[in-house]
Amino acid sequence: MIALLIAGGFSLLYSLLLTPLFVRGFRKLHWGQFIREDGPQSHFAKRGTPTMGGLIFISGSVIAYFLGKLIMGETPSPSALLVILMAVGAGAVGFIDDFLKTRKQQSLGLGGWAKIIGQIVVAVVFALLALQFANAQGLTPASTSISLFRDLPFDFMVFGPILGVGLFVLWVMVIVTSATNAVNVTDGLDGLAGGASIFAFGAYLIIGFWQAAQSCAAAPGEAGCYEVRDPMDLAVIAAAFVGGLAGFLWWNTSPAHVYMGDTGSMGLGGAIAALAILTRTELLLVLIGGLFIVETGSVIVQRLYFKLTKGKRIFLMSPIHHHFELKGWAEVTVVVRFWIIAGLFVIAGVGAFYGEWLLQQ
């Protein structure tokens, strides 16, 4: 519990106090944001604002986690290290994309397939490692079962060890690429993705803490107990991201002094995907990340409708947050209302998680 508070508090102060120093460094390196030519006219004033801000809260969250464990004299757990691996790995793919944008002086960096390949590589490494490191109870960080509130009866290993592991890796790839690209799509307005991600990480903080309190290791045979490895440590790393994002959001709200860039959005998506997999709540991510799904869905629907109708559009512009901007909503209005929607999705997700536990009693 104390490690959780240390991690959250330190990462908050790290992002809040050090972001101005990072911004100065980004300006010297000419790491400025580029804006889509077909985007809202109001966004052109944002051209040149420092980007790659994901480096700030990702580094702060990682340092905060290790600091909390060090102060408490505890050993970092494989589960939390896997979340860090995913956040750093996915963030690295985003960093390459951001770096190419600044170097080429254009709004396009890595190609779409290059991003997907990078995300898949990180996902495969994560998936294979997540099936290792069994504890004294034989629990590995991840299981080969599909999960909702806990593992469901369906286990990929029913198809045999080789095909089963292969299908599990494919399942992880789907979750990781979906989550990283969904958060990336949402990152289009000042503070939108950051604020929505705080809600998502807050949900996993609560879930991890509750799973630790109701762990089968602590209370064997108790109705509704959770078979999850290192749930408290998952709560600690989630708290670190909540703090880091909160401090970053101080500087990222409109008008933003710095953007998280693909470095941040992909890193956040990777960390959220990892937490969903390791807390055994994969399908629950549909609710916890509901806003991200709505944003991504608006892009998919727009493109399909455009092709089927040979040029007609449902939205004035996708993702859907730009549609409301073009309808005349102020940017801050769109962001705050979308934060409310994100919060409602998370409340529904955490409520469903707790409700399932009550039904087990």
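Keep in mind that what you see is a predicted model, and the values were worked out from it rather than measured. Here, residue 1 is the first one in the sequence, and each next residue gets the next number.
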Subject >> Steps toward ring pair (Phe, Tyr, Trp, His ring centres under 6.0 Å) verdict (F156, F154) >> reply: CA-CA 7 Å; F156 289 118; F154 180 78; 5.5 Å; yes
Subject >> Atom pair CZ/CG of F241 and L275 - distance to nearest 0.5 Å >> reply: 8.0 Å
Original post:
To the nearest 0.5 Å, how far apart are CG in L249 and CZ in F57?
Top reply: 10.0 Å
Original post:
Mind checking whether Q360 and E222 have side chains closer than 4.5 Å, heavy atoms only?
Top reply: no
Original post:
Should L100 and L110 count as side-chain neighbours, where that means a heavy-atom distance under 4.5 Å?
Top reply: yes
Original post:
Does S61 offer a backbone N or O that forms a donor-acceptor pair with the side chain of S11 under 3.5 Å?
Top reply: no
Subject >> T279 and Q211: CA distance, side-chain angles, deciding distance, side chain to side chain contact (heavy atoms under 4.5 Å, CB included) verdict >> reply: CA-CA 8 Å; T279 57; Q211 288 176 335; 3.7 Å; yes
Original post:
Does a donor on one side chain sit under 3.5 Å from an acceptor on the other, for D233 and S79?
Top reply: no
Original post:
Would you call the rings of Y226 and F353 parallel, tilted or perpendicular, where under 30° means parallel and over 60° means perpendicular?
Top reply: parallel
Original post:
Shortest non-hydrogen contact from K312 to Y305?
Top reply: O-CD2, 3.5 Å
Subject >> Side-chain (Q302) to main-chain (F315) donor-acceptor, under 3.5 angstrom >> reply: yes
Original post:
Has F149 got more than 12 heavy atoms of other residues, nucleotides or ligands less than 6.0 Å from its CZ?
Top reply: yes
Original post:
Counting only heavy atoms not in H323, do more than 12 fall under 6.0 Å of its NE2?
Top reply: yes
Original post:
If you draw the axis of the six-membered ring of F133, does the NZ or CZ of R229 fall within 45° of it and under 6.0 Å from the ring centre?
Top reply: no
Original post:
Closest heavy-atom contact between L139 and R280?
Top reply: CD2-NH2, 4.2 Å
Original post:
So, S77 side chain and A80 main chain: donor-acceptor pair closer than 3.5 Å or not?
Top reply: yes
Original post:
Going through the distances and angles, do F324 and R337 end up as a side chain to side chain contact (heavy atoms under 4.5 Å, CB included)?
Top reply: CA-CA 11 Å; F324 289 107; R337 287 177 177 172; over 6 Å; no
Original post:
Do any N or O atoms from the side chain of T140 and from the backbone of A142 form a donor-acceptor pair under 3.5 angstrom?
Top reply: yes
Original post:
Of L82, V169, L85, which is the lone residue that meets side chain to side chain contact (heavy atoms under 4.5 Å, CB included) with V125?
Top reply: L85
**OP:** Decide yes or no for V258 and T51: does some side-chain heavy atom of the first lie under 4.5 Å from some side-chain heavy atom of the second?
**Re:** no
Subject >> side-chain hydrogen bond (donor to acceptor under 3.5 Å, both in side chains) involving T253 - partner list, sequence neighbours excluded >> reply: none
Original post:
Any side-chain donor-acceptor pair under 3.5 Å between T144 and D155?
Top reply: yes
Subject >> L285/I277 under side chain to side chain contact (heavy atoms under 4.5 Å, CB included): CA gap, chis, key distance, verdict >> reply: CA-CA 9 Å; L285 184 55; I277 294 166; over 6 Å; no
Original post:
Would you say L359 has more than 12 foreign heavy atoms packed within less than 6.0 Å of its CG?
Top reply: yes
**OP:** Please report the shortest heavy-atom distance between V165 and M157, naming the atom on each side.
**Re:** N-SD, 3.9 Å
Original post:
Are the aromatic ring centres of W31 and F95 under 6.0 angstrom apart?
Top reply: yes
Subject >> Linked, directly or transitively: L13 and L67 (ILVMFWY side chains, under 4.5 Å) >> reply: no
**OP:** Find out whether H257 and N252 are in side-chain contact, i.e. whether some heavy atom of one side chain is under 4.5 Å from a heavy atom of the other.
**Re:** no
**OP:** Mark yes when over 12 heavy atoms from residues, nucleotides or ligands other than W250 sit less than 6.0 Å from its CH2; otherwise mark no.
**Re:** no
Subject >> Rounded distance [0.5 Å steps], OG in S145 versus CG in D151 >> reply: 4.5 Å
Original post:
Can you tell me how far the CD1 atom of I96 sits from the NZ atom of K101, to the nearest 0.5 Å?
Top reply: 13.0 Å
Original post:
Does S59 use its side chain to pair, donor to acceptor, with the backbone of I56 at less than 3.5 Å?
Top reply: yes
Original post:
If only atom types and distance count, is the side chain of T281 paired as donor or acceptor with the main-chain N or O of L284 below 3.5 Å?
Top reply: no
Subject >> Shared hydrophobic cluster, I198 / I341 (ILVMFWY, side-chain heavy atoms < 4.5 Å) >> reply: yes
Original post:
Same hydrophobic cluster for L17 and F248, using side-chain heavy-atom links shorter than 4.5 Å among ILVMFWY?
Top reply: no
Original post:
Out of curiosity, L234 CG to I207 CD1, how far, rounded to the nearest 0.5 Å?
Top reply: 10.5 Å
Original post:
Got more than 12 heavy atoms from elsewhere within 6.0 Å of CG, L304?
Top reply: yes
Original post:
Does the D187 side chain pair with the main chain of A193, one donor and one acceptor, at a distance under 3.5 Å?
Top reply: no
Original post:
Any idea which heavy atoms bring A246 and L12 closest together, and the distance?
Top reply: CB-CD1, 3.9 Å
Subject >> Side chain proximity check, P78 to D230, heavy atoms < 4.5 angstrom >> reply: yes
Subject >> Minimum heavy-atom distance A200-I272, with the two atoms named >> reply: CB-CD1, 3.9 Å
Subject >> side chain to side chain contact (heavy atoms under 4.5 Å, CB included) between D97 and K115, worked out >> reply: CA-CA 8 Å; D97 184 47; K115 290 182 186 178; 3.3 Å; yes
**OP:** Could you tell me whether the side chains of D262 and N184 share a donor-acceptor contact shorter than 3.5 Å?
**Re:** yes
Original post:
Which heavy atom of V183 sits nearest a heavy atom of S265, and at what distance?
Top reply: CG1-O, 3.4 Å
Subject >> V286 reachable from L268 in the ILVMFWY side-chain graph, under 4.5 Å edges >> reply: no
Subject >> Check: L70 and F66 side chains under 4.5 Å, non-hydrogen atoms >> reply: no
Subject >> CD1 on I71 to CD1 on I6, rounded to 0.5 Å >> reply: 4.0 Å
Original post:
Do F345 and I288 have side chains that get closer than 4.5 Å, going by heavy atoms?
Top reply: no
Subject >> Within-4.5 Å side-chain heavy-atom neighbours: I175 and E282 >> reply: yes
Original post:
Are W113 and I300 connected in the hydrophobic side-chain network, where two residues link if heavy atoms are under 4.5 Å apart?
Top reply: no
Original post:
Has the side chain of W251 got a donor or acceptor atom that lies under 3.5 Å from a matching backbone atom of P20?
Top reply: no
Original post:
Is the backbone of I293 close enough, under 3.5 Å, to the side chain of T296 for a donor and an acceptor to pair up by distance?
Top reply: no
**OP:** Verify, without hydrogens or angle tests, whether T102 (side chain) and F99 (backbone) share a donor-acceptor contact under 3.5 angstrom.
**Re:** yes
**OP:** Assign the ring pair F26 / F22 to parallel, tilted or perpendicular, where the plane angle (0 to 90°) is split at 30° and 60°.
**Re:** tilted
